[in-house]
Every structure is written in C-alpha cells, then in structure tokens.
Amino acid sequence: IALALTVVSVARIRRLTGSLGIDGTMGAHRILGTATVALSAVHVLAVVADNPANVWLLDPSVAPGRAVAGTVALITLALLLSFAERRIRRYERWRWAHRLGSVLALVLITLHVWWLDRLIRVPPWAMFFAGLALAAVGVGLWRWLSPDRRRRFVVAAVRQETESVTTISLAAVGDPI
C-alpha cells in the first residue's frame, strides 16, 4: 500500500496537489518512499525470523525467481532512496534514472507477488493486487503519457544556495506557452 501511495503521490493529480501543494505531495512522496523501503526490509527480516533456514532465499545463485525478484526490487528501492538523499547536479538525468528504477522495482515486485502465488489464489487478495497494479499503470499513463500533461519546461540546473535554500533553473522545451 505504501508503494502504491508513493506512486500516486507524484502523479500531479490536481485535487491532491491543490490541497497539499507540490511541496506537500513531494514531501509525502519522500516519506512514503522511505516507508516502502523500511517495510520491505522488515518483510525480508520477518521471512528469515519466521524460519532462519529461509536465509538461503537471499542467495541469488540458489534462490527461486520469486525471491530474486523481491531481493533485487528491495535493492533497487534502497538505491533510489540513497540517491534521492544526495545533492543532484544533473537533475534531468537523475529524474530519468529515478523513473526507470521505479518502473524496474514495480515490475520486480509484481513478479515477486505473482510468482509467490500464495495471495493471488485468494480472490479478495487477487482483486486487491490487481487494483494496485491498475492504479499504478493508470497513474503512470496519466502522469507521463497524456499529451496535455507533458512538461513544457525541464530542469536545467539545481544549485544549493544554503542548507535550506535551493535554486532550480528551468529551460523551455517545445512550443512556447
């Protein structure tokens, strides 16, 4: 659920950004992303704590695909989180890397749940996961593919002025407004 909310928080849904503001939605995105990584790590620890013999699931050379997908997804999410905390010089490159890493993590998490095949067999859980997947795909299409949602500006530079002030310079792209 935290992962789904993390994805939805950056969709620039007018009602959401209208009530929280862009700073509020981006702050929520950061908090939810951190919670997603923490809860995913707790999930792995719980699997091993439940049965210490399950530690073999963390070894990609012998683990089944479902475990490898989950482990790689967690590593991808942790990398996204660690890079998000650093000061970024080339924002556009970071933004694309963040976007691609997020899609990779979403695909791997979907494969992990699908291949695990426990929750998919229970109809309410199957409908729940299908709803989350549809929401993620819908938000992605809304945010990044809708012609009227396309960005007319890109971030040209990010400068850290002080500890609490950052200047973002924009450059026009495409047709002028």
Side-chain angles (χ1 to χ4, degrees), residues 1-13 16 20 23-145 155 158:
I1 294 172
L3 178 64
L5 292 174
T6 303
V7 172
V8 169
S9 67
V10 292
R12 306 264 171 98
I13 299 169
L16 190 62
L20 297 175
D23 290 336
T25 56
M26 295 312 290
H29 177 73
R30 283 192 282 290
I31 290 167
L32 289 165
T34 303
T36 298
V37 173
L39 291 169
S40 298
V42 167
H43 169 68
V44 171
L45 292 173
V47 167
V48 174
D50 180 52
N51 181 359
N54 282 340
V55 75
W56 73 274
L57 294 170
L58 300 173
D59 180 357
S61 67
V62 294
R66 62 185 183 265
V68 174
T71 302
V72 174
L74 177 56
I75 291 168
T76 302
L77 290 172
L79 287 171
L80 286 172
L81 183 65
S82 69
F83 286 120
E85 295 300 319
R86 295 182 183 185
R87 294 186 181 148
I88 306 300
R89 284 188 185 177
R90 298 183 184 235
Y91 179 81
E92 288 298 316
R93 286 185 187 172
W94 173 83
R95 184 176 62 87
W96 276 104
H98 191 79
R99 187 177 286 175
L100 292 173
S102 299
V103 169
L104 174 64
L106 284 169
V107 167
L108 290 169
I109 290 165
T110 302
L111 289 173
H112 173 71
V113 171
W114 186 267
W115 289 339
L116 196 56
D117 197 33
R118 287 187 191 145
L119 298 176
I120 300 298
R121 291 182 189 195
V122 180
W125 281 110
M127 289 175 25
F128 176 74
F129 285 116
L132 287 179
L134 286 173
V137 169
V139 163
L141 291 173
W142 168 261
R143 175 67 175 104
W144 294 294
L145 299 180
V155 175
V158 178

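Values reported hereafter were calculated over all heavy atoms of this structure, with side chains retained and with hydrogens, waters and symmetry mates removed.
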Student: Nearest heavy-atom pair of Ala4 and Leu132: which atoms, and what distance?
Tutor: CB-CD2, 3.4 Å
Student: Can you name the residues that form a side-chain contact (heavy atoms from CB on, under 4.5 Å) with Val103, not counting sequence neighbours?
Tutor: Val107
Student: Distance check, rounded to the nearest 0.5 Å: Arg95 atom CZ versus Arg99 atom CZ?
Tutor: 4.5 Å
Student: For Ala69 and Leu111, work out which heavy atoms get closest and say how close.
Tutor: CB-CB, 4.4 Å
Student: Sorted by first residue and then second, give each salt bridge (charged side-chain N to carboxylate O under 4.0 Å, His left out) pair with at least one member in residues 127-136; sequence neighbours left out.
Tutor: none
Student: Roughly how far, to the nearest 0.5 Å, is CD1 of Ile31 from CE of Met26?
Tutor: 12.0 Å
Student: Show the numbers, then the answer: is there a side chain to side chain contact (heavy atoms under 4.5 Å, CB included) between Leu5 and Ser9?
Tutor: CA-CA 6 Å; Leu5 292 174; Ser9 67; over 6 Å; no
Student: Show your working on side chain to side chain contact (heavy atoms under 4.5 Å, CB included) between Trp56 and Leu58 and close with a plain yes or no.
Tutor: CA-CA 5 Å; Trp56 73 274; Leu58 300 173; over 6 Å; no
Student: Check the pair Ser102, Leu80 against side chain to side chain contact (heavy atoms under 4.5 Å, CB included), reporting the backbone distance first and the verdict last.
Tutor: CA-CA 8 Å; Ser102 299; Leu80 286 172; 3.7 Å; yes
Student: Quick one: pull up CG in Leu32 and OG1 in Thr36 and give me the separation to the nearest 0.5 Å.
Tutor: 6.5 Å
Student: Give the minimum heavy-atom separation between Ala105 and Ala73, together with the two atoms involved.
Tutor: O-CB, 4.1 Å
Student: Can you list every side-chain hydrogen bond (donor to acceptor under 3.5 Å, both in side chains) pair that touches residues 103-129, not counting sequence neighbours?
Tutor: Asp117-Arg121
Student: Give me the atom names and distance for the closest heavy-atom approach of Ala126 to Ile120.
Tutor: CB-O, 3.3 Å
Student: Which heavy-atom pair separates Thr6 from Ala2 by the least distance, and what is that distance?
Tutor: OG1-O, 2.6 Å
Student: So which atom in Val44 and which in Leu74 form the shortest heavy-atom distance, rounded to 0.1 Å?
Tutor: CG2-CD2, 3.8 Å
Student: Would you please name every residue forming a side-chain contact (heavy atoms from CB on, under 4.5 Å) with Asp50, sequence neighbours left out?
Tutor: none
Student: Nearest 0.5 Å please: distance from the CD1 atom of Ile109 over to the CG atom of Leu3.
Tutor: 4.5 Å
Student: Run the side-chain contact (heavy atoms from CB on, under 4.5 Å) test against Leu104 and tell me which residues pass, sequence neighbours left out.
Tutor: Thr76, Leu108
Student: Could you measure the distance from the NE2 atom of His98 to the CG atom of Leu79? Nearest 0.5 Å is fine.
Tutor: 12.0 Å
Student: With sequence neighbours left out, write down each residue that passes side chain to side chain donor-acceptor pair (under 3.5 Å) with Asp59, or none if nothing qualifies.
Tutor: Ser61
